[in-house]
There are 2 protein chains.
Amino acid sequence: MPPALDIHGKVNALRIFFRKTGRPPTFREAMELFGYKSIASVQFALKRLEKLGYLQKGASGRIAFTNRISGDIRLLGSVSAGFPSPAEEETVDLLNLTDFLVRRREATYILKVDGDSMIDALIGPGDLLIVERGRTPKNGDIVVAAVDGDWTVKYFEKNGRSVRLVPANKKYNPIEPNQSLEIGGIVRAVIRKYGA
Amino acid sequence: MPPALDIHGKVNALRIFFRKTGRPPTFREAMELFGYKSIASVQFALKRLEKLGYLQKGASGRIAFTNRISGDIRLLGSVSAGFPSPAEEETVDLLNLTDFLVRRREATYILKVDGDSMIDALIGPGDLLIVERGRTPKNGDIVVAAVDGDWTVKYFEKNGRSVRLVPANKKYNPIEPNQSLEIGGIVRAVIRKYGA
DNA sequence: TCTTGAATAGTACAAACGTACTATTAGGAT
DNA sequence: ATCCTAATAGTACGTTTGTACTATTCAAGA
């Protein structure tokens, strides 16, 4: 019995191929990818990958990914629950970050925080904001807005007709727009990456 | 002159098709997707999408996505720089969240914070941690670890042979493990999502 | 030592593919 | 009214595709 198939090697090769070409490989391209000399070897390997849930059978049999290949991360429970045992990992949820954080990709932008006016809302300099444009903020939303021409990120507060932009830092005062207020977008998520 | 091509309608249809089937459509499938009756109409439309940067020419002409379709978000500058004008949007960077935040997907997990011991590091209850396993932490890294059997998230501090786990909250004391310390993983990023 | 099964190789062929033509319609510009 | 171009439709064909066979090798287990 020969050594077992290198499943992860093949999954990675498929991911890299897709990143580069924007589509899954054909069987003959997969031959080259996997270092095979024969279509039938590819068939055998792909059947195994399908069984493991990385690929799916589509119309006319062409190679098609499941979302186990297209970039999801395992979503565990709380920190205090720790990590699952290897047996438990089988049933773990998968999470696609973009799908999870973004509702309308065409209306969504990422901006970097460069001040500390929202520090008490646990948003600091360098943090990335996922901002959705084209929606009307509700009370308590965090927004990116231009106040009298200056862009800022603040809590949005509305009282009747009156609008205030409220920082989450005692060092700053709430702002009541004088001449103009343009809501750039609503902050839907914050991301902080550590290290390089 | 008939009404202009519905580019975004087609881009969305391609995204949905890919989500469902794990691969781009063939020309004949794109016919159905776009509501066309002719291969040549698909050729015309796809040529336009390619020109606009949504598709790329691959081997033997089959439909292939660029990363303008495969899920990236527009990365702008700082908050204070605000949003680009429509003209500036043409040259904006795209960012794939998973690629940006995750180095080794097979070793990466998402866990939810359920305490406030790291609040002064701007990490609060409900935040999601992107945790990479199987690496050795350096001084100052934030880790998820089991201390004498209890899982927690803390700063990792090492002094010679001595290891401490340091909270970012005055309410708690640094921990020096008594019997056992297991590093579950290193926190590479924090995510906070607002709303539902 | 023999058997079994996993993992590989080789090949022919029907079906599906994309290409490159021709053709038509209709609205805007002249 | 005429012309031009974008956007659609139709078709034949050469190329590429996946399938379904047969075949071989080798390590583990009996």
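Here is how names work: the chains are called A, B, and so on, in the same order as the sequence lines, proteins then strands, and each is numbered from 1.
- The line from OH of A:Tyr54 to CD1 of A:Ile63 is 16.0 Å long, rounded to the nearest 0.5 Å.
- Once rounded to the nearest 0.5 Å, the distance linking CG of B:Asn139 with CZ of B:Arg164 reads 10.5 Å.
- At whole-Å resolution of the value, CZ in B:Phe44 and C1' in C:dT22 are 16 Å apart.
- B:Ser38 has no side-chain polar atom (N or O) that falls below the 4.0 Å cut-off from OP1 or OP2 of D:dT8.
- Remark: B:Asp127 does not engage B:Lys193 in a salt bridge, criterion side-chain N to carboxylate O under 4.0 Å.
- The phosphate of D:dA7 has neither OP1 nor OP2 within less than 4.0 Å of any side-chain N or O from B:Ser41.
- Relative to the axis of its first five pairs, the axis of the last five pairs of the helix from C:dT1-D:dA30 to C:dT30-D:dA1 sits at 30°, rounded to 10 degrees.
- Residue A:Phe27 contributes atom CZ, which lies 16 Å from atom C1' of C:dC13 at whole-angstrom precision.
- Atom OH in A:Tyr36 sits about 18 Å away from atom P in D:dT25, given to the nearest Å.
- Atom NZ in A:Lys37 sits about 14 Å away from atom P in D:dT25, given to the nearest Å.
- The separation between A:Met31 atom CE and D:dT16 atom P is 15 Å, rounded to whole Å.
- The distance from atom CZ of A:Arg48 to atom P of C:dA6 is 7 Å, rounded to the nearest whole Å.
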Protein-nucleotides 14-16 of chain C N/O pairs closer than 3.5 Å?
none

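- Each ring-ring contact (aromatic ring centres under 6.0 Å, His included) pair with one or both residues in residues 153-175 of chain B, not counting sequence neighbours, would appear here, but there are none.
- Summarising the geometry, the separation between CD1 on B:Ile39 and C1' on C:dC17 is reported as 9 Å, rounded to the nearest angstrom.
- Side-chain contact between B:Ser38 and B:Met31 is absent, with no heavy atoms from C-beta onward closer than 4.5 Å.
- Here NZ of B:Lys51 is found 14.5 Å from CG of B:Leu46. Values are rounded to the nearest 0.5 Å.
- Summarising the geometry, atom CG belonging to B:Leu129 is positioned 8.0 Å from atom OH belonging to A:Tyr194; distances are rounded to the nearest 0.5 Å.
- Residues B:Phe27 and B:Phe34 keep their aromatic ring centres 6.0 Å or farther apart.
- Cation-pi geometry between B:Arg23 and A:Phe65 is not met: the NZ or CZ atom fails to fall both under 6.0 Å from the ring centre and inside 45° of the normal.
- Comparing B:Ala40 and A:Ala40 by the nucleotide of DNA chain C whose heavy atom lies nearest to each, the residue mapping closer to the 5' end is A:Ala40.
- One atom, NZ of B:Lys57, and another, C1' of C:dT19, lie 9 Å apart when rounded to the nearest Å.
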